[in-house]
Student: 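I'd like to ask some things about the structure below.
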Amino acid sequence: MKRLLRTLSGEAVWPPPVWLMRQAGRYLPEYRAIRADAKDFVALCTTPALAAEVTLQPIRRYGFDAAILFSDILMLPWALGHGLEFKEGEGPVLPRLRDEAAVAALDPSRVAGRVEPIMETVRLVRAGLVAEGFGDTALIGFAGAPFTVACYMIEGGGSKDFANVRAMAYAQPALFQRLMDTLTEASVEYLSAQVTAGAEALMLFDSWAGVLSPSLFRTHCVAPAKRIVSALKARHPGIPIIGFPRLAGVMSRDYAAAGTDGIGVDTGSDIATVAAMLPAHVAVQGNLDPLAVVAGGSPMQAETAAILNAMRGRPFVFNLGHGIVPQTPPEHVAALLELVRAG
Ligand code: CP3
């Protein structure tokens, strides 16, 4: 079994498998070259040959233990018929979803057709990994968790505190729940299609889970994760699922109770403290500060050693605590890989 998959099945593989969130991206010159030629970011995500190529770029360079499908969490609302644009230097821009009519306009019946190019990317990457000799690299499929996707849909893009989202959850609970239910059901279909196409593990990005109160976190993060995990495991027995309740701190334990095989830990959480709250078979993934990789040298070495020492002897996947940033020198990533592979 591949090293990542052994780890997610509860084995303390050492040195640990390693991959990095956003490992395909703007810090790589070969990514920037393809991105410059693509019409826009959505076109890049829906052109299988290009999306598969950028998925494989970091694998060729570094031989990571996992490839992650090149796409975006906002491709699911896009597939539901919600607008999506990536503006240069601004990030994603979406129509603001604020009323019943906007939720009713989301159309689950179009998802399968619109995500078909993404499924073709999955098939191309699986074949590419074998053809290029990366037989131990596992392919991770992913989706944004319903709450995090709802955050971008309601705000119309990013936000520092997602105040409109939290206000809607309190003031219009029925409307908010209807949106969450639509996204939960669509996520199951979308992730299931990725497994059918060849994804070997799945990750659920709940990047804004940490902005919620504990009770709303249980209702809008844990409960949907549980529905998604149960439905996927019923359809695809044994498919490993990593949850990433970013900024959730001690609430990560509640998230793991949804039945995930792994829990991603963000940069600001003490990974040993989170690990101690989880069942021993649940793999922990994380959590080097992306800015430590920008720094490189002895700060990166010290931070990496602390994480490795804290995680030795338990199922653990080395990763960053959030996505790699564009200003990262690619040679620092090579140096990081050496540190991790030395255990
Ligand atoms: O390599 C990988 O990790 C796979 C591809 C991937 C992307 N986005 C590509 C991307 C994955 C897994 C994501 C997840 C994602 N997207 C999340 C969850 C993780 C997190 O960061 O919290 C979120 C919140 C998004 C939404 C999103 N997409 C934002 C806020 C932005 C703009 C910020 C930015 O970095 O520009 C994106 C754009 C995006 N998604 C890029 C990439 C490579 C950059 C776009 C470009 O190349 O112009």
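Just so you know, ligand 1 is whichever comes first in the structure, and atom 1 is the first atom listed for that ligand.
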Student: Using 4.0 Å as the upper bound for N to carboxylate O, is an ion pair formed by R218 and D254?
Tutor: yes
Student: Quick one: do K233 and D261 make a salt bridge, cutoff under 4.0 Å?
Tutor: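 Yes.
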Student: Can you tell me how far CD of Q57 sits from CD of E30, rounded to the nearest 0.5 angstrom?
Tutor: 5.0 Å
Student: I need the contact type for H322 against ligand 1. Using non-hydrogen atoms and a strict under-4.0 Å cut-off, is it side chain, backbone, both or neither?
Tutor: side chain
Student: For atom 10 (C) of ligand 1, which protein heavy atom lies nearest, and how many Å away is it?
Tutor: F41 CZ, 3.4 Å
Student: Output the distance between atom OG1 (T219) and atom CZ (F176), rounded to the nearest 0.5 Å.
Tutor: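 T219 OG1 to F176 CZ: 10.0 Å, rounded to 0.5 Å.
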Student: Under 4.0 Å from a heavy atom of A24: which atoms of ligand 1 are those, numbered in the order shown and with their elements?
Tutor: 1 (O), 43 (C)
Student: Who else is in the cluster with L291 when I, L, V, M, F, W and Y are joined by side-chain contacts under 4.5 Å?
Tutor: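 Other cluster members: V294, V325.
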Student: For the residue pair W208 / Y152, report whether a side-chain donor-acceptor contact shorter than 3.5 Å exists.
Tutor: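 W208 and Y152 do have a side-chain donor-acceptor pair below 3.5 Å.
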Student: Looking only at N/O atoms, are W19 and ligand 1 under 3.5 Å apart anywhere?
Tutor: no
Student: Write out the residue and atom name of the closest protein heavy atom to atom 26 (C) of ligand 1, then the distance separating them to 0.1 Å.
Tutor: D72 OD2, 3.5 Å
Student: Among protein heavy atoms, which lies nearest atom 7 (C) of ligand 1, and at what distance?
Tutor: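 Going atom by atom, the protein heavy atom closest to atom 7 (C) of ligand 1 ends up being S71 O, 3.2 Å.
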Student: Give the residue and atom name of whichever protein heavy atom lies nearest to atom 3 (O) of ligand 1, and the separation in Å to one decimal.
Tutor: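 Its nearest protein heavy-atom neighbour is R22 N, 2.7 Å.
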Student: To the nearest 0.5 Å, tell me how far L76 CG sits from M153 CE.
Tutor: 8.0 Å
Student: Under 4.0 Å between a Lys/Arg side-chain N and an Asp/Glu carboxylate O for R35 and D40?
Tutor: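 Judged by the 4.0 Å cut-off on N to carboxylate O distance, R35 and D40 do not form a salt bridge.
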Student: List every atom of ligand 1 that sits less than 4.0 Å from any heavy atom of F86, numbering the atoms from 1 in the order shown and giving each element.
Tutor: 28 (N), 37 (C), 38 (C)
Student: Do the side chains of E53 and R60 get close enough for a salt bridge, i.e. N-O under 4.0 angstrom?
Tutor: yes
Student: For ligand 1, which atoms sit closer than 4.0 Å to a heavy atom of Y31?
Tutor: 43 (C), 46 (C), 47 (O)
Student: Considering distance alone, does some N or O of R246 sit under 3.5 Å from an N or O of ligand 1?
Tutor: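 No, R246 has no N/O under 3.5 Å of an N/O on ligand 1.
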Student: With a 4.0 Å cut-off on heavy atoms, does G323 reach ligand 1?
Tutor: no
Student: With atom 17 (C) of ligand 1 as the reference point, say which of I140, T55, I324, I73 has the nearest heavy atom.
Tutor: I73
Student: Under 4.0 Å, counting heavy atoms only: does L44 come that close to any atom of ligand 1?
Tutor: no
Student: Would you call R341-D65 a salt bridge at under 4.0 Å N-O?
Tutor: yes
Student: Measure from the ring center of Y31 to the ring center of F70 and say whether it is less than 6.0 Å.
Tutor: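 Under 6.0 Å, so yes.
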Student: For atom 46 (C) of ligand 1, what's the nearest protein heavy atom and its distance?
Tutor: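 Protein heavy atom with the smallest distance to atom 46 (C) of ligand 1: R35 NE, 3.2 Å.
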Student: Return the CZ to CG distance between F142 and L69, rounded to the nearest 0.5 Å.
Tutor: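 Interatomic distance, F142 CZ to L69 CG, rounded to 0.5 Å: 5.5 Å.
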Student: I need the contact type for P326 against ligand 1. Using non-hydrogen atoms and a strict under-4.0 Å cut-off, is it side chain, backbone, both or neither?
Tutor: neither
Student: For ligand 1, which atoms, with element, lie under 4.0 Å from some heavy atom of L69?
Tutor: 4 (C), 5 (C)
Student: Looking only at protein heavy atoms, identify the closest one to atom 11 (C) of ligand 1 and say how far it is in Å.
Tutor: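 Here the nearest protein heavy atom works out to F142 CZ, 3.7 Å.
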Student: Rounded to the nearest 0.5 Å, how far does NE2 of H322 lie from CG of D266?
Tutor: 9.0 Å
Student: If you apply the rule side chain to side chain donor-acceptor pair (under 3.5 Å), what do you find for N287 with T267, and how did you get there?
Tutor: CA-CA 5 Å; N287 76 337; T267 291; over 6 Å; no
Student: Any idea which atoms of ligand 1 are less than 4.0 Å away from a heavy-atom of F205?
Tutor: 12 (C), 18 (C), 19 (C)
Student: Check ligand 1 against S207 and write out every atom of the ligand that is under 4.0 Å from a heavy-atom position of the residue.
Tutor: 18 (C), 19 (C), 20 (C), 22 (O)
Student: So for ligand 1, is I68 a polar contact partner (N or O within less than 3.5 Å, distance only)?
Tutor: no
Student: Work out whether the distance between some heavy atom of W208 and some atom of ligand 1 is less than 4.0 Å.
Tutor: no
Student: What part of T148 sits under 4.0 Å from ligand 1 if we count only heavy atoms: the side chain, the backbone, both or neither?
Tutor: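 No part of T148 is near ligand 1 at this cut-off.
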Student: How does F244 reach ligand 1, if at all, at less than 4.0 Å between non-hydrogen atoms: by side chain, backbone, both, or neither?
Tutor: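 It is neither part, as no heavy atom is under 4.0 Å.
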Student: Below 30° counts as parallel, above 60° as perpendicular, anything between as tilted: where do the rings of F316 and F318 land?
Tutor: perpendicular
Student: Counting heavy atoms only, which of G158, G144, A145, P92 comes nearest to atom 29 (C) of ligand 1?
Tutor: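 Heavy atom nearest to atom 29 (C) of ligand 1 belongs to P92.
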Student: Looking at Y152, which atoms of ligand 1 are within less than 4.0 Å of one of its heavy atoms?
Tutor: 24 (C), 30 (C)
Student: Does ligand 1 have an atom under 4.0 Å from some heavy atom of E88?
Tutor: no
Student: Less than 4.0 angstrom from a charged side-chain N to a carboxylate O is my criterion; do E189 and R235 meet it?
Tutor: yes
Student: I need the atoms of ligand 1 closer than 4.0 Å to a non-hydrogen atom of R26, numbered in the order shown.
Tutor: 34 (C), 35 (O), 36 (O), 44 (C), 47 (O)
